[in-house]
Structures are given as C-alpha cells and as structure tokens.
Amino acid sequence: MQEASLMGLLRTILIILLVWFGLRILARLFAPVLMKFVAKKAEERFGQQFGGFQNQAQQREEQKRKAGETVIDKMPQQNKPSNEKVGEYIDFEEID
C-alpha cells in the first residue's frame, strides 16, 4: 500500500479548486449565450405550437414597408366635435 502524503493531499485539493473556479468562470462567459439560445428555441416552439399565423402576417407587412418609411396604424378622427361649454374663465389676482 501507498501512504498518503501531505503534498499529495494539497495537490489534489488545489486541482479540485482550480477546476471549480475554472468552471465558474466558463459558466459566466457562456451562460448568456446559452440563455439566448434556449430563449430562441422556446420562442420557436411556442410559435409553432400556436400556428404562427400572426408572425407570418407581420413578416409580410414588414416586407412591404420601405426603410425609413413612417407608418401610422391608427388615424385620429377628423370630425371631432368640440365642446363649447367647457366652463367659465376666472381671472385671479394676487393680493399682497
């Protein structure tokens, strides 16, 4: 049998710590990319599950639009009746 030496134990602990911190650093670097990938896949599945009809219509509308073109979805009413009786005007004066 072999005896466990103090140097071997310290070396093993050091390797475990280096691997642990290395994985933490790699996780911080690759977690945002992984999360974007997962979110995109979930969005695709959600769109496929519910037909994606709205998405296709939006794509067609975007293709029709030209770059820099202003699009107004809802026009305000032109013949808006004005309310003549809005109240009376009161002139206030400051008193010293």
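Note that these values count all heavy atoms, side chains included, but never hydrogens, waters or copies made by symmetry. Residue numbers count from 1 along this sequence.
In the hydrophobic clustering of this structure, Leu9 groups with Leu17; members are Ile, Leu, Val, Met, Phe, Trp, Tyr whose side-chain heavy atoms approach within less than 4.5 Å, directly or through other members.
Atom CG of Leu18 sits about 11.0 Å away from atom CG of Leu23, to the nearest 0.5 Å.
Atom CD of Glu44 has more than 12 heavy atoms from other residues, nucleotides or ligands within 6.0 Å.
Paired with Arg11 under the rule side-chain contact (heavy atoms from CB on, under 4.5 Å), one option of Ile15, Leu14, Ile13 passes, and it is Ile15.
Lys36 has its side chain out of reach of Lys40: every pair of non-hydrogen atoms, C-beta onward, lies at least 4.5 Å apart.
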